[in-house]
A.B. asks: 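I am attaching a structure below and will ask some questions about it afterwards.
Only heavy atoms go into these numbers, but all of them, side chains included; no hydrogens, no water, no symmetry mates. This structure is a prediction, so every number in the text was calculated from the model and none was measured.
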Amino acid sequence: MAKVVLQNLWKTFDKDVVAVRDVNLEINDREFMVLVGPSGCGKSTTLRMVAGLEEITRGEIYIGDRLVNDVLPKDRDIAMVFQNYALYPHMTVYDNMAFGLKLRKYSKTEIKERVESAADILGITEYLGRKPKALSGGQRQRVAVGRAIVRQPSVFLFDEPLSNLDAKLRVQMRTEISRLHNRIQATMIYVTHDQTEAMTMGDRITVMKDGVIHQVDTPLNLYNKPSNLFVGGFIGSPAMNFIAGRLADNAGLVFESEMGPLPLGAEDAGHLKPHEGKEVFMGIRPEDIHSVEFGPDIPSISKIDSEVDVIEPMGNELFLYVKVAGASLVARIDPRQKAVVGGALPLCIDMDKVIFFDAKTEEHLV
């Protein structure tokens with residue numbers, strides 16, 4: 001296995017369209033790194049440059065200790081799994097998985113051992129004699145992953161491999177890919193636009209937007225300590241709530257907005273004191289807005305009066321879209337709470353869980 005290092009990586013199309021802008025990233029040996037971001041953020045272009053399928057405009061890529069800028073894709077010791085499976089329709093599953101090994105002149109015995117071992121890992125042994133048209137989408141994706149496994153490469157690259165699957169199968173397949181990583185302990189780089197996939201699969205996550213890396217961190221740190229407004233809003237479902245206002249002194253530091261003054265928790269009040277008077281956005285996760293009736297009894301929770309706009313029952317929880325003064329918020333509350341569209345409902349914000357961002361720079365105030 002090997003680490004992958006990207007140094008000052010740029011990709012420009014047609015001279016003035018910058019797809020990837022000065023990306024610096026180190027993926028550790030045996031790490032599962034996820035590149036996530038909205039469509040057009042440059043994540044797939046970055047992956048394709050690592051694979052050698054896209055020419056580098058500027059910068060350097062190392063796989064292990066080897067500079068691979070001018071190395072052909074077939075010589076980079078990588079294997080790639082595509083969104084559309086890219087299977088040969090006229091070949092059996094066995095032949096699809098064995099094809100790359102045959103081109104590299106492996107013996108029939110070793111090919112058979114590798115294919116059967118990969119098929120066993122992925123639970124597709126019984127399909128080895130079938131052709132792709134006789135397989136479901138999930139089975140085809142397993143074959144595509146198996147074709148990568150038999151190569152035993154230094155680095156696995158996944159380009160949105162689950163996008164064509166239905167929701168239930170996506171959950172199953174991401175579990176299987178995570179299990180596969182734990183079993184073979186390979187270096188994996190995985191591209192997705194689905195932040196749920198990123199959060200559940202990655203050892204670390206790289207969040208990109210407009211060709212720029214905004215934060216590289218563990219899933220929990222991204223969720224709890226987003227570096228800026230974009231990361232805070234992109235990671236998490238439903239998304240983080242943002243409320244515009246300012247920090248002011250009102251017998252202690254408070255957040256002032258159209259919802260009225262909300263006192264800060266003791267920890268925030270201490271480290272945010274130098275930012276008094278600053279225009280800010282307050283970020284609060286939906287699960288940290290509670291109903292008064294069923295919420296936790298925390299002294300630092302502040303009460304707000306809301307009007308229910310939309311109700312989404314989720315079974316084990318309730319998503320409420322509410323209006324508070326001029327702001328719209330999403331709350332993730334106890335399903336026992338009775339709510340009516342258009343009705344009033346008192347809610348509480350856990351002020352120990354809020355995050356503040358500078359209104360001008362959009363950076364996290366720490």
A.B. asks: For L272 and L247: C-alpha separation, side-chain torsions, deciding distance, then whether side chain to side chain contact (heavy atoms under 4.5 Å, CB included) applies.
C.D. replies: CA-CA 8 Å; L272 290 175; L247 297 174; 4.3 Å; yes
A.B. asks: Under 4.0 Å between a side-chain nitrogen and a carboxylate oxygen: does that hold for K360 and E279?
C.D. replies: no
A.B. asks: Would you indicate whether the side-chain heavy atoms of V340 and V308 approach each other to under 4.5 Å?
C.D. replies: no
A.B. asks: Is there a donor-acceptor contact under 3.5 Å linking the side chains of Q139 and Y127?
C.D. replies: yes
A.B. asks: Go through E26 and N28 one step at a time and tell me if the side chain to side chain contact (heavy atoms under 4.5 Å, CB included) criterion holds.
C.D. replies: CA-CA 6 Å; E26 183 170 321; N28 298 319; 3.7 Å; yes
A.B. asks: Using side-chain heavy atoms (C-beta onward) and a distance below 4.5 Å, is I355 in contact with P226?
C.D. replies: yes
A.B. asks: Under a 4.5 Å cut-off applied to non-hydrogen side-chain atoms, are E31 and R204 in contact?
C.D. replies: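 Yes, side chains in contact.
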A.B. asks: When clusters are formed by joining ILVMFWY residues with side-chain heavy atoms under 4.5 Å apart, either directly or through shared neighbours, do V150 and I184 land in the same one?
C.D. replies: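 Yes, same cluster.
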A.B. asks: Any carboxylate oxygen within less than 4.0 angstrom of a Lys/Arg side-chain nitrogen, looking at K323 and E307?
C.D. replies: no
A.B. asks: In Å and rounded to the nearest 0.5 Å, what is the CE to OG1 distance from M199 to T192?
C.D. replies: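 Nearest 0.5 Å value for the CE-OG1 distance: 13.0 Å.
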A.B. asks: Return the minimal non-hydrogen interatomic distance between L67 and E60, and the atom names on each side.
C.D. replies: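 The answer is CD1-CB, 3.7 Å.
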A.B. asks: Main chain of F32, side chain of D203: is a donor-acceptor contact present, judged purely on distance under 3.5 Å?
C.D. replies: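 Yes, the answer is positive, given that a donor and an acceptor are paired below the 3.5 Å cut-off.
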A.B. asks: Is V254 reachable from I289 through a run of hydrophobic residues whose side-chain heavy atoms are each under 4.5 Å from the next?
C.D. replies: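 Different hydrophobic clusters.
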A.B. asks: Run the numbers on E287 and E317 for side chain to side chain contact (heavy atoms under 4.5 Å, CB included), then give the verdict.
C.D. replies: CA-CA 10 Å; E287 62 269 25; E317 58 191 357; over 6 Å; no
A.B. asks: Supply the atom-to-atom distance F234 CZ to I205 CD1, rounded to the nearest 0.5 angstrom.
C.D. replies: 10.0 Å
A.B. asks: Any side-chain heavy atom of N221 sitting closer than 4.5 Å to one from Y223?
C.D. replies: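 No, every pair of side-chain atoms sits at 4.5 Å or beyond.
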A.B. asks: Consider side chain to side chain donor-acceptor pair (under 3.5 Å). Of R332, R336, Q337, which one does D334 pass it with?
C.D. replies: R336
A.B. asks: Give a yes or no on whether K278 atom NZ has more than 12 heavy-atom contacts from other residues, nucleotides or ligands under 6.0 Å away.
C.D. replies: yes
A.B. asks: Quick check for you: to the nearest 0.5 Å, what is the distance between F156 atom CZ and M80 atom CE?
C.D. replies: 13.5 Å
A.B. asks: Which heavy atom of H271 sits nearest a heavy atom of L365, and at what distance?
C.D. replies: NE2-O, 4.1 Å
A.B. asks: Salt bridge or not for E176 and R142, using N-O below 4.0 Å?
C.D. replies: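 The answer is yes: the pair qualifies as a salt bridge.
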A.B. asks: Report yes or no: does D358 contribute a side-chain atom to a donor-acceptor pair with the main-chain N or O of T361 at less than 3.5 Å?
C.D. replies: yes
A.B. asks: Do I189 and I56 sit in one hydrophobic cluster, given that two such residues count as connected whenever their side-chain heavy atoms are within less than 4.5 Å of each other, even indirectly?
C.D. replies: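 Yes, I189 connects to I56 through the hydrophobic network.
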A.B. asks: With a 3.5 Å distance limit and no angle check, can you tell me whether S306 reaches the backbone of V322 through a side-chain donor-acceptor pair?
C.D. replies: no
A.B. asks: So do the side chains of K74 and R104 get within less than 4.5 Å of each other, counting heavy atoms only?
C.D. replies: yes
A.B. asks: Give, for atom CG of N69 and atom CD of Q7, the distance between the pair rounded to the nearest 0.5 Å.
C.D. replies: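 One gets 9.5 Å once the value is rounded to the nearest 0.5 Å.
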A.B. asks: Does F281 have its ring centroid less than 6.0 Å away from the ring centroid of F356?
C.D. replies: no
A.B. asks: Any donor and acceptor pair, going by atom type alone, linking the side chain of N241 with main-chain N or O of I284 inside 3.5 Å?
C.D. replies: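 Side chain of N241 to backbone of I284: a pair is present.
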A.B. asks: Looking at F13, I'd like to know if the NZ or CZ of K11 sits under 6.0 Å from its six-membered ring centre while staying within 45 degrees of the ring's axis.
C.D. replies: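 Yes, a cation-pi geometry holds between K11 and F13.
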A.B. asks: Taking all non-hydrogen atoms of both residues into account, name the closest pair between P286 and M240 and its distance.
C.D. replies: CD-CA, 4.3 Å
A.B. asks: Please determine if D249 and K273 form a salt bridge, counting it only when a charged side-chain N lies under 4.0 Å from a carboxylate O.
C.D. replies: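 Yes, charged N to carboxylate O under 4.0 Å.
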A.B. asks: Can a side-chain donor-acceptor contact be found between N228 and H214 if the only test is distance below 3.5 angstrom?
C.D. replies: yes
A.B. asks: Please step through side chain to side chain contact (heavy atoms under 4.5 Å, CB included) for the pair T206 and V36, ending with a clear verdict.
C.D. replies: CA-CA 6 Å; T206 299; V36 68; over 6 Å; no
A.B. asks: Under 3.5 Å, side chain of R30 to main-chain N/O of T187, donor-acceptor pair present?
C.D. replies: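 Absent.
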A.B. asks: Please tell me if the side chains of R246 and V280 come closer than 4.5 Å, counting only heavy atoms from C-beta onward.
C.D. replies: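 Answer no - side chains too far apart.
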A.B. asks: Tell me whether M91 shares a hydrophobic cluster with L135, the cluster being built from Ile, Leu, Val, Met, Phe, Trp, Tyr side chains joined at under 4.5 Å.
C.D. replies: no
A.B. asks: Around atom CG of L220, are there more than 12 heavy atoms from other residues, nucleotides or ligands closer than 6.0 Å?
C.D. replies: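 Not buried by this count: 12 neighbours or fewer within 6.0 Å.
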A.B. asks: Identify the two heavy atoms, one from R183 and one from D120, that lie closest to each other, and give their separation to 0.1 Å.
C.D. replies: NH2-OD2, 4.5 Å
A.B. asks: Regarding R48 and D159, does a basic nitrogen lie under 4.0 Å from an acidic carboxylate oxygen?
C.D. replies: no
A.B. asks: Could you grab the distance from atom NE2 of H364 to atom OG of S227, nearest 0.5 Å is fine?
C.D. replies: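 Separation between the atoms: 9.5 Å.
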A.B. asks: If hydrophobic clusters are built by linking Ile, Leu, Val, Met, Phe, Trp and Tyr wherever their side-chain heavy atoms come under 4.5 Å apart, do M49 and M208 end up in the same one?
C.D. replies: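 In one cluster with M49: M208, yes.
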A.B. asks: Is there a donor-acceptor pair closer than 3.5 Å between any side-chain N or O of R147 and the backbone N or O of A86?
C.D. replies: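 Checked: pair present.
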A.B. asks: Check this for me: does any side-chain nitrogen of one of D166 and K168 sit under 4.0 Å from a carboxylate oxygen of the other?
C.D. replies: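 So D166 does not pair with K168 through a salt bridge.
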A.B. asks: Find out whether T200 and S178 are in side-chain contact, i.e. whether some heavy atom of one side chain is under 4.5 Å from a heavy atom of the other.
C.D. replies: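 Contact flag for T200/S178 side chains = no.
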A.B. asks: Below 4.0 angstrom, N of the basic side chain to O of the carboxylate: do D210 and R21 qualify?
C.D. replies: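 Result for this pair is no, no salt bridge flagged.
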A.B. asks: Check R151 against I78 and note the closest heavy-atom contact, atom names and distance.
C.D. replies: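 Heavy atoms of R151 and I78 come nearest at NH2-O, 2.9 Å.
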A.B. asks: Answer yes if the side chains of E197 and Y190 hold a donor-acceptor pair under 3.5 Å, and no otherwise.
C.D. replies: yes
A.B. asks: Would you say that more than 12 heavy atoms from the other residues, nucleotides or ligands in this model lie under 6.0 Å from the OH of Y88, or not?
C.D. replies: no
A.B. asks: For D65, look at atom CG and say whether over 12 heavy atoms of other residues, nucleotides or ligands are found less than 6.0 Å away.
C.D. replies: no
A.B. asks: Ignoring hydrogens and angles, tell me if any N or O in the side chain of S237 forms a donor-acceptor pair with the backbone of A239 under 3.5 Å.
C.D. replies: no
A.B. asks: Would you check if the side chain of K112 reaches a backbone N or O of S107 as a donor-acceptor pair within less than 3.5 Å?
C.D. replies: no
A.B. asks: Keeping the roles fixed (side chain from R58, backbone from W10), state whether a donor-acceptor pair exists under 3.5 Å.
C.D. replies: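 It does not hold such a pair.
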A.B. asks: CZ/R174 to CG/L169 distance, rounded to the nearest 0.5 angstrom?
C.D. replies: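 Rounded to the nearest 0.5 Å, the CZ-CG separation comes to 11.5 Å.
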A.B. asks: Taking all non-hydrogen atoms of both residues into account, name the closest pair between P335 and G315 and its distance.
C.D. replies: CB-O, 3.7 Å
A.B. asks: For the side chain of H181 and the backbone of A186, is there at least one donor-acceptor N/O pair under 3.5 Å apart?
C.D. replies: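 At least one qualifying donor-acceptor pair exists.
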A.B. asks: Side-chain contact test, heavy atoms from C-beta onward, threshold under 4.5 Å: evaluate it for N164 versus R140 and give yes or no.
C.D. replies: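 SC-SC contact between N164 and R140 ruled out.
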